[in-house]
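Let me give you the structure first, and then I'll get to my questions.
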Amino acid sequence: MQRQEPAPGTLYLVGTPIGHLGDLSSRATALLASVDVIACEDTRHSGQLLRKIGAVGRRLSFHQHNTCTRLPQLLQLLEQQQSLAVISDAGLPGISDPGEDLAAAARQAGHEVICIPGPCAATTALVCSGMPSARFCFEGFLPAKGRERRERLQKLALETRTTILYEAPHRLLSLLDDLQQHCGLDRPLHVARELTKRHEQHVGQTISSVRNHFHHHRPQGEFTLVLGGAAPAMPSELSDDDLLERLQQCINAGASASEAARQLAHDTGRSRRALYDLLHQQTPD
Ligand code: SAM
């Protein structure tokens with residue numbers, strides 16, 4: 001038998017549509033209609049959806065700018081045995097959206113935390129792309145600029161798993177330029193635009209062809225990028241200079257010498273000791 005929902009003193013992370021309103025599940029609808037309190041990223045934005053399903057719970061705003069003040073209040077509601085749902089503007093709370101801190105704090109305080117699963121742009125784009133999905137990573141939004149952004153791009157250049165990125169329309173072209181610079185023209189790339197909406201569109205298949213497309217069509221709407229993994233280098237094809245360059249990239253990205261050697265040993269099958277020695281032969285004492 002399924003458990004009674006909503007249960008008192010329980011936090012529910014509820015997935016909501018990323019476009020198509022038909023994607024709100026019947027379980028999410030029932031929960032949101034009857035939960036005591038709904039923490040919304042934007043109460044006005046979610047008002048339309050909540051009115052449509054006849055939600056009666058008290059609505060509180062919960063977003064990145066009021067997390068510090070709101071978090072203790074939400075925990076107190078759970079303490080008082082109220083049922084609490086958290087929703088974001090779209091998709092799964094906690095994925096590039098508020099929810100992560102609240103889930104962690106609620107668990108820490110010993111409350112039950114339950115996810116009512118729903119759409120997520122990252123996994124929706126991934127499965128549409130046809131790229132390898134057995135192992136993948138999620139980068140969300142890259143830092144907007146500076147050293148942190150460069151370091152993340154350098155790591156992406158070496159990442160062998162399919163990687164999912166989010167980007168705002170006005171920043172898409174500069175992300176495509178950066179990806180081309182760090183990962184090359186021919187790396188597979190799939191861009192999913194306006195998923196689940198009327199103007200859903202999929203553009204591929206390489207960084208250069210996608211870049212070319214969006215240089216001719218102004219990016220509008222919401223975008224999720226699925227970047228193919230770097231081809232794993234055959235250890236025998238890598239010269240000492242190649243290995244040193246990769247070690248240096250890892251170190252520039254913040255790894256210690258031994259972490260860089262361990263990572264590259266893992267990626268290439270070379271001996272960690274030999275890589276460490278190679279690095280130190282080049283480093284004057
Ligand atoms: N929590 C959401 C989720 O589960 O997908 C993600 C929220 S994040 C703040 C918003 C970003 O997700 C957008 O900038 C875009 O990159 C991506 N996104 C959201 N809806 C999308 C859609 N319908 N089509 C493509 N990408 C979308």
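The first residue of the sequence shown is numbered 1, and numbering continues consecutively from there. These numbers come from the heavy atoms of this one structure, side chains and all, not from hydrogens, waters or symmetry mates.
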Query raised in the report: Between Arg70 and Leu75, is a side-chain contact (heavy atoms from CB on, under 4.5 Å) present by the stated rule, with each step listed?
Result: CA-CA 9 Å; Arg70 196 58 104 192; Leu75 289 178; over 6 Å; no

Query raised in the report: In Å, rounded to the nearest 0.5 Å, how long is the span from CD of Glu167 to CG of Leu179?
Result: 9.5 Å

Can you give me every donor-acceptor pair (side chain of residues 7-15, partner residue at least two apart or in another chain, under 3.5 Å) with its distance?
from, atom 1, to, atom 2, distance (Å)
Thr10, OG1, Ala7, O, 3.4
Thr10, OG1, Pro8, O, 3.3
Tyr12, OH, Ala7, N, 2.7

Query raised in the report: Less than 4.5 Å apart, any side-chain heavy atom of Leu225 and any of Leu172?
Result: yes

Query raised in the report: Do the side chains of Pro143 and Arg152 get nearer than 4.5 Å, heavy atoms only?
Result: yes

Report task. Compare every heavy atom of Cys183 with every heavy atom of Arg187, then report the nearest pair and how far apart it is. Result -> NH1-CB, 3.4 Å

Query raised in the report: Measuring from Arg272:CZ to Ser258:OG, what's the distance to the nearest 0.5 Å?
Result: 7.0 Å

Query raised in the report: So, do Gln180 and Ser208 sit near enough that their side-chain heavy atoms are less than 4.5 Å apart?
Result: yes

Query raised in the report: If every non-hydrogen atom of Ala90 is compared with every non-hydrogen atom of Thr16, which pair is closest and at what distance?
Result: CA-OG1, 3.8 Å

Requested in this report: For the residue pair Val203 and Gln201, establish whether any side-chain heavy-atom pair is separated by less than 4.5 Å.
Outcome: yes

Query raised in the report: Going only through I, L, V, M, F, W and Y residues with side-chain contacts under 4.5 Å, is there a path from Ile251 to Leu243?
Result: yes

Query raised in the report: Which distance, rounded to the nearest 0.5 Å, do you find between the CZ of Arg44 and the CZ of Arg59?
Result: 13.5 Å

**Report entry** Path from Leu195 to Val191 over hydrophobic side-chain contacts below 4.5 Å
**Finding:** no

Query - Contact check, side chains of Phe62 and Cys40, non-hydrogen atoms, under 4.5 Å - result: no

Query - Separation of Leu92 CG from Ile116 CD1 (nearest 0.5 Å) - result: 11.0 Å

Requested in this report: Using the side-chain contact (heavy atoms from CB on, under 4.5 Å) rule, take Leu126 and Thr162 through it: C-alpha gap first, then chi angles, then the decisive distance, then the call.
Outcome: CA-CA 9 Å; Leu126 172 67; Thr162 304; 3.8 Å; yes

Query raised in the report: Checking Arg193 side chain against His202 main chain: does a donor-acceptor pair fall under 3.5 Å?
Result: no

**Report entry** Tyr166 and Phe138 aromatic ring geometry - parallel, tilted or perpendicular at 30°/60° bounds
**Finding:** perpendicular

**Report entry** Donor-acceptor contact present, side-chain Thr67 to main-chain His65, <3.5 Å
**Finding:** no

Query raised in the report: Salt bridge or not for Asp36 and Arg58, using N-O below 4.0 Å?
Result: no

Query raised in the report: Taking Glu194 for the side chain and Glu222 for the main chain, is one N or O donor matched with an acceptor at less than 3.5 Å?
Result: yes

Query raised in the report: Taking atom CD of Gln4 as the centre, does the number of heavy atoms from other residues, nucleotides or ligands within less than 6.0 Å exceed 12?
Result: no

Query raised in the report: Mind checking whether His213 and His217 have parallel, tilted or perpendicular rings, split at 30° and 60°?
Result: parallel

Query - Atom NE2 of His20: over 12 foreign heavy atoms under 6.0 Å - result: no

Query raised in the report: Are Leu24 and Ile95 connected, step by step, through hydrophobic side chains (Ile, Leu, Val, Met, Phe, Trp, Tyr) whose heavy atoms are closer than 4.5 Å?
Result: no

Report task. Write down the atom of Gly204, the atom of Ser209, and the distance for their closest heavy-atom approach. Result -> O-OG, 3.2 Å

Query raised in the report: If every non-hydrogen atom of Glu139 is compared with every non-hydrogen atom of Leu156, which pair is closest and at what distance?
Result: CG-CD2, 4.1 Å

**Report entry** Listed partners of Glu41 passing salt bridge (Lys or Arg N to Asp or Glu O under 4.0 Å), at least two apart
**Finding:** none

Query - From Arg147, Arg149, Lys155, residue fulfilling side chain to side chain donor-acceptor pair (under 3.5 Å) relative to Glu151 - result: Arg147

Report summary line: Heavy atoms of Ile18 and Ala121 approach each other most closely as CD1-CA, 3.9 Å

Requested in this report: State the OG-OH distance between Ser256 and Tyr276, to the nearest 0.5 angstrom.
Outcome: 8.0 Å

Query raised in the report: Does a salt bridge link Asp242 with Arg246, judged by any charged N lying under 4.0 Å from a carboxylate O?
Result: no

Query raised in the report: For Glu148, does the CD atom have more than 12 heavy-atom neighbours from other residues, nucleotides or ligands under 6.0 Å away?
Result: no

Query raised in the report: Is Asp89 close to Asp97 at the side-chain level, that is, under 4.5 Å between some pair of heavy atoms?
Result: no

Requested in this report: Check the pair Leu84 / Ile38 against side-chain contact (heavy atoms from CB on, under 4.5 Å), numbers first and verdict last.
Outcome: CA-CA 6 Å; Leu84 170 64; Ile38 305 172; over 6 Å; no

Tell me which donor-acceptor pairs under 3.5 Å the side chains of residues 98-115 have, and how far apart each pair is, sequence neighbours excluded?
from, atom 1, to, atom 2, distance (Å)
Arg107, NH2, Val113, O, 3.2
His111, NE2, Glu79, OE1, 3.4
Glu112, OE1, Arg3, NH1, 3.3

Query raised in the report: Does CD in Glu200 sit with more than 12 non-hydrogen atoms of other residues, nucleotides or ligands closer than 6.0 Å?
Result: yes

Query raised in the report: Same cluster for Val210 and Val226 if Ile/Leu/Val/Met/Phe/Trp/Tyr side chains link at under 4.5 Å?
Result: no

Query raised in the report: Is Arg211 close to Leu189 at the side-chain level, that is, under 4.5 Å between some pair of heavy atoms?
Result: no

Report summary line: Note: Leu247 and Leu275 closest approach over all heavy atoms is CD1-O, 3.7 Å

Report task. Go through the steps to decide whether Cys250 and Glu259 satisfy the test side-chain contact (heavy atoms from CB on, under 4.5 Å), and finish with yes or no. Result -> CA-CA 8 Å; Cys250 291; Glu259 283 164 352; over 6 Å; no

Query raised in the report: Can you tell me how far OG of Ser46 sits from CZ of Arg51, rounded to the nearest 0.5 angstrom?
Result: 10.5 Å

Query raised in the report: Is a side-chain N or O of Gln80 found less than 3.5 angstrom from the main chain of Gln82, in a donor-acceptor match?
Result: no

Query - Path from Leu227 to Met131 over hydrophobic side-chain contacts below 4.5 Å - result: no

Report task. Using distance alone, with no hydrogens and no angle criterion, decide if Asn66 and Ser61 have a side-chain donor and acceptor under 3.5 Å apart. Result -> yes

Query raised in the report: Heavy atoms, side chains only, cut-off 4.5 Å: are Leu185 and Thr206 in contact?
Result: no

